[in-house]
Engineer: 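Pasting a structure below so you can have a look.
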2 protein chains.
Amino acid sequence: MKLSQDIVTIDGIDKEILRDLMQDARKPILEIARKIGISGAAIHQRLRKLESSGLIAGSKFVINPKKLGYATMAFIGIYLDKAMRNPEAVKQLREIPEVLECHYTTGNWSILIKILCKDNEHLMNVLNHKVQSIEGVSRTETFISLNQQIDRQISL
Amino acid sequence: MKLSQDIVTIDGIDKEILRDLMQDARKPILEIARKIGISGAAIHQRLRKLESSGLIAGSKFVINPKKLGYATMAFIGIYLDKAMRNPEAVKQLREIPEVLECHYTTGNWSILIKILCKDNEHLMNVLNHKVQSIEGVSRTETFISLNQQIDRQISL
DNA sequence: GGTGAAATTTACGGGGC
DNA sequence: GCCCCGTAAATTTCACC
């Protein structure tokens, strides 16, 4: 088991395996094996090593939120009164299911969040009744994503 | 086959299946079946329906970028000279592998991107030599993510 | 690291209810 | 919409090189 701070080195075969699975997590290992030209067992043990190294964080089904009526994504920059209140504010942000990401950031804001709502009215409700009511939040700046053109992971 | 604009309605069993697979795309269907208490075939045909409805967009292996030395995430607001140049600018942003997301946004900027680099120096290089050199980009504002506290999908 | 084969478990599809 | 069942395929582990 590698230590958490270690950097993992991978070769071309690892990259090929990961590229395939990053695109489709349920792609059969044997199919990848046939394509690359090594045995399924070899890929299996490479994956086990990559998992235990921590490079593979997991796998996810990806849902299309629009199909559930969630069509409004927005980024919200948050100004906090005191930097010391940050952990408590994050804890409360975590309780808001519409919040998908939360970053401590450099620059104007203390925190930047990504939020997913059904529509503008829903967004307004979340902003006014949930985000703004968190203690320490003094002001917010909202940027609605009119259209997401790129969405991908790190390229190997 | 449902039309693209249709909203999909799902019941509690669908939610349970999806919640499991959103957390681990390789979780065996039979395991989910045993947990829920219905047959694997039932889950199988529910998944087929959810896929053809477009609600399931796919599946992904999730990589931990820090293990490859990518430790600096940043959001960059981009001002463009002319709104008409947007499609061309996005096309060029797509060629920059460090760019993970790209959104047309309301507010100050024309575009907001999320970027992933190894360190601050790498980020500076991408900004100065790749992003800033795109025609139409007049100014940028950078917000470095010091720490990402929340990262999740829509909750069902 | 890799192979190849055996054993186990899953995925998949049809027919019935 | 779900179950049972048969077939095909995938996963996983093993001894061996």
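Values below: all heavy atoms of this structure, side chains included; hydrogens, waters and symmetry mates excluded.
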Engineer: Run the numbers on A:Asp119 and A:Thr72 for side-chain hydrogen bond (donor to acceptor under 3.5 Å, both in side chains), then give the verdict.
Structural biologist: CA-CA 5 Å; A:Asp119 49 30; A:Thr72 299; 5.9 Å; no
Engineer: Are B:Lys114 and A:Glu101 close enough for a salt bridge, meaning some N to O gap below 4.0 Å?
Structural biologist: yes
Engineer: Check this for me: does any side-chain nitrogen of one of A:Arg46 and A:Glu16 sit under 4.0 Å from a carboxylate oxygen of the other?
Structural biologist: no
Engineer: Over all heavy atoms of both residues, which pair between B:Lys66 and A:Ile7 is shortest? Give the atoms and the distance, please.
Structural biologist: O-CG1, 4.2 Å
Engineer: So among A:Ile17, A:Asp14, A:Leu21, which one has a side-chain contact (heavy atoms from CB on, under 4.5 Å) with A:Leu50?
Structural biologist: A:Asp14
Engineer: Taking any atom under 4.0 angstrom from a heavy atom of chain A, which nucleotides of DNA chain D are the first and last to qualify, 5' to 3'?
Structural biologist: D:dA10 to D:dT13
Engineer: When you measure only distances, ignoring hydrogens and angles, does the side chain of A:Gln45 come within 3.5 Å of the base of C:dG2 through a donor and an acceptor?
Structural biologist: yes
Engineer: Please list each protein N or O that sits under 3.5 Å from an N or O in nucleotides 11-13 of chain C, with the distance.
Structural biologist:
unit_1	atom_1	unit_2	atom_2	d
C:dA11	OP1	A:Arg26	NH2	3.0
C:dA11	OP1	B:Ile29	N	3.1
C:dA11	OP2	B:Ile29	N	3.1
C:dA11	OP2	B:Leu30	N	3.1
C:dC12	OP2	B:His44	NE2	3.0
C:dC12	O5'	B:His44	NE2	3.2

Engineer: What do you reckon, are the aromatic ring centroids of A:His103 and B:Phe143 less than 6.0 Å apart?
Structural biologist: no
Engineer: Looking at every heavy atom in both A:Leu116 and A:Tyr70, which two are closest together, and how far apart are they?
Structural biologist: O-CD2, 3.8 Å
Engineer: Please tell me whether A:Glu141 and A:Tyr79 have a donor and an acceptor in their side chains that are separated by less than 3.5 angstrom.
Structural biologist: yes
